[in-house]
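Shown next, in structure tokens, is the structure this report addresses.
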Amino acid sequence: MRLSELVSNLTPTTYSQLALLIFLGVFIAIAWRHRRLTTAHTEAAALPLADDAAPLARPEVPHE
Amino acid sequence: MTQPDTLRYDDAIVRKFVAATIFWGTIGMLVGLYVALQLAVPQLNVAPYLTFGRLRPLHTNAVIFAFAGNALFGAVYYSTQRLVKARPLSDLLSKIHFWGWQLIIASAAITLPLGYTEGKEYAELEWPIDIAIAGVWVVFAVNFFGMLRNRREQHLYVAVWFYIATIITVAILHIFNSLAVPWSPLKSYSLYAGVEDAFMQWWYGHNAVAFFLTTPFLGLMYYFLPKAAEKPVFSYRLSILHFWSLVFIYIWAGPHHLHYTALPQWAATLGMLFSVMLWMPSWGGMINGLLTLRGAWNRVAADPVLKFFVVGITFYGMSTFEGPMMSIRSVNALSHYTDWNIAHVHGGALGWVGFMVFGMTYWLAPRLYQTKLWSTKLATVHFWVATIGIALYVVAMWAAGITQGLMWRAFDDTGRLQYPDFLETVTRLMPMYWVRALGGTLYISGILMAAYNLFKTWQTRPATYAEVEVEVPPRVRDGATAKAEHHGHWHRKYEGLPATFSVLVAVAVIVASLFEIVPTFLIKSNVPRIATVKPYTPLELYGRDIYIREGCYNCHSQMVRPFVDETVRYGLGGVPTEYSKPGEFVYDHPFQWGSRRIGPDLAREGGRRDEYWHLRHFDNPRSTSKGSIMPRYPHLLRDDIDYGSIQARINAMVTLGVPYGADAKRDAAAMARAQAEEVAAKLVKLGGPAGKTHKDVIALIAYMQRLGVDIRAGRNDLPEAAPAAPTPAGK
């Protein structure tokens with residue numbers, strides 16, 4: 001069967017079902033991959049708290 | 001070994017965006033209060049450019065694109081620099097971005113009151129401004145992705161993913177929904193018509209809420225909440241699921257705005273299902289936010305920043321519960337076209353977006369101005385006043401929405417509509433409108449306190465700002481480094497590759513969109529043609545453009561839903577009408593289905609009343625409809641029809657595929673003049689004034705009298721027109 005024939009035989013319901021399956025697959029893959037807490041997760045979560053490293057200098061600039 | 005580098009953050013651009021946020025927020029909310037008062041006191045519609053229909057889009061555009069827009073840009077520039085350890089690509093691009101966006105807002109503030117609108121909610125701005133928006137958005141994207149390219153931190157933190165999704169998706173939505181054929185330097189017609197236009201508009205409209213008012217503010221939450229709480233996000237793994245689920249599911253939900261309309265049922269059902277599924281990621285995100293405060297709840301009592309964040313995130317949870325609930329078909333049957341929608345959007349806008357912005361602003365102020373916040377006490381007062389304001393606003397609009405929805409569908413014991421006069425269902429809402437205005441006033445007094453507090457803080461800034469210089473690791477090169485550092489950990493690997501990550505986001509959004517858009521546009525059975533439906537005459541088209549210019553769609557729908565109460569209410573001569581069919585709208589560029597009924601539906605208006613009634617109604621609605629809150633339009637009786645512009649309008653419609661005949665293509669103006677003379681003659685015959693033949697009102701009346709007429713053509717069982725309304729003595 002050619003692709004064009006396949007597509008023309010699909011109903012809107014089939015598109016929706018297919019999309020739901022794709023989403024479910026991606027969701028399960030991501031959930032499975034991240035099922036265990038790793039050091040990488042802990043490090044990543046701490047990034048906002050690590051962004052105020054001690055400044056080297058505070059050069060002064062005129063007001064914009 | 002590579003030596004560490006140094007970096008200076010660009011906080012000047014953040015200061016600019018934060019100041020613009022508060023400035024435009026104040027303006028946008030004041031306009032909102034004014035339009036709210038216009039519903040309670042219609043005499044406040046004092047001039048053509050200050051009517052509800054023209055100001056309401058100004059309010060929505062100002063609070064969405066000016067207030068929320070400037071806030072999200074400020075949040076993105078502040079947090080991303082620190083998260084990826086890089087400056088934006090170019091200071092010049094940052095300036096072009098800032099000033100370009102302010103110019104766009106100023107253009108909107110001028111053109112919308114002047115009546116230049118595309119007539120599509122939240123996408124009203126005309127084509128030259130749309131092009132400018134696309135241009136400035138590209139500048140923002142180049143500046144942002146250039147910053148990621150130059151980054152010194154390998155991992156892209158979850159907030160940055162939300163920013164990436166925002167930039168990519170908003171670009172896609174804006175471009176495809178704004179496609180139009182211009183017919184003058186400031187006017188155009190939508191490329192799509194009827195059902196397809198409605199679908200595209202709400203695909204855009206819903207996802208503008210998702211990707212302009214939700215994802216960037218979730219990014220803001222994931223960065224600023226841990227900063228304020230001094231705790232890492234509760235679960236980074238949950239944030240990953242939150243992100244991908246939200247991005248994939250949100251894009252499907254738009255059709256829930258079109259339940260029971262002429263949109264095919266399969267599309268509306270799909271929108272409903274995905275809306276209900278949205279509960280999962282939305283509440284996952286809310287829980288992740290609130291649990292980030294574990295061990296820090298004692299600080300919430302003393303810190304206004306945390307107060308704003310906690311209540312903001314709670315409103316996110318409430319709104320994302322209410323939205324899916326309202327998308328359920330049976331609930332939507334009651335809530336749609338009522339003030340319940342207004343309650344819902346303001347719970348999200350004032351509670352979620354507003355409070356996250358204020359929390360961020362109060363947290364940023366001491367850091368940006370390098371001094372203490374002028375008054376923590378005033379910020380706390382702001383919090384309480386605004387919270388009470390939202391509560392009053394939302395409860396009043398819930399009450400108004402449910403009241404009106406129930407009144408519309410009420411039948412008495414004899415099987416007749418209990419409230420057949422639509423006006424009864426409007427005047428009943430007046431107490432709720434006053435409570436809403438009070439709530440809005442409190443909320444606005446809060447932003448005025450914020451403006452004063454920030455101004456006083458700014459006044460105590462140091463003579464010169466100290467620009468922070470930090471030590472950063474060497475620049476990260478995409479590809480090799482990412483693969484080496486994260487070998488075997490596929491998601492982290494892609495997080496380290498902004499280009500690949502962005503493509504994945506785009507694929508998620510585009511695939512989901514195409515699954516709905518392709519069948520809607522390509523399956524012809526979605527829009528069965530109706531042989532009697534013909535294009536508007538040149539004069540009717542001109543009248544329709546006046547309808548769009550005056551923003552009539554802000555108060556009137558053109559969609560009779562398949563409910564008995566609606567077919568009876570909008571029936572003619574005691575005979576129920578047909579509900580609206582997809583084929584009726586094939587020449588409607590743009591569609592005008594509306595989303596709120598402050599006034600009655602107009603889909604079957606043609607022939608219900610005579611020409612003179614319409615003229616008096618436009619001149620002063622209260623002369624024909626006691627208690628009406630519609631603005632007066634006396635300028636329509638004064639302003640001349642611009643016959644010279646009609647041919648360009650017809651030519652644009654022909655370009656869009658509307659099948660006009662040879663006469664219209666050759667001399668549309670002459671056709672319009674001839675029809676205007678017929679309408680004016682009928683008006684005089686009914687006792688109306690002479691000398692109105694070439695006035696705007698004649699074109700608008702012609703359009704009104706055409707609405708819903710085509711579907712009655714050839715039907716012997718339906719009356720052609722209602723008996724003429726009695727003319728008042730002395731007129």
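This one's a predicted model, so the numbers in the text were calculated from it and none came from an experiment. Below, read A as the first sequence line, B as the second, and so on, with proteins coming before strands; counting in each chain starts at 1.
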Side-chain (B:Lys227) to main-chain (A:Pro48) donor-acceptor, under 3.5 angstrom: yes
Min side-chain heavy-atom separation A:Val26-B:Phe248 under 4.5 Å: no
B:Ile240 side chain reached by A:Arg33 side chain, heavy atoms, under 4.5 Å: no
Distance, nearest 0.5 Å, that separates CZ of A:Phe27 from CE of B:Met277: 9.0 Å
B:Lys85 versus A:Ala50, closest heavy-atom pair with distance: NZ-O, 4.1 Å
Heavy-atom contact with chain A under 4.5 Å, split by part of B:Gln81: neither
Atom of B:Val233, atom of A:Ala45 and distance for their closest heavy-atom approach: CG1-CB, 3.9 Å
From A:Phe23 atom CZ to B:Trp244 atom CH2, the distance as rounded to the nearest 0.5 Å: 12.0 Å
Test applied, side chain to side chain contact (heavy atoms under 4.5 Å, CB included); reference residue, A:Leu47; option that passes from B:Val84, B:Leu83, B:Leu156, B:Val160: B:Leu83
Pairs of heavy atoms under 4.5 Å with chain A: top-ranked of B:Val158, B:Ile249, B:Thr269, B:Leu273: B:Ile249
Contact origin within B:Tyr222 toward chain A - heavy atom pairs under 4.5 Å: backbone
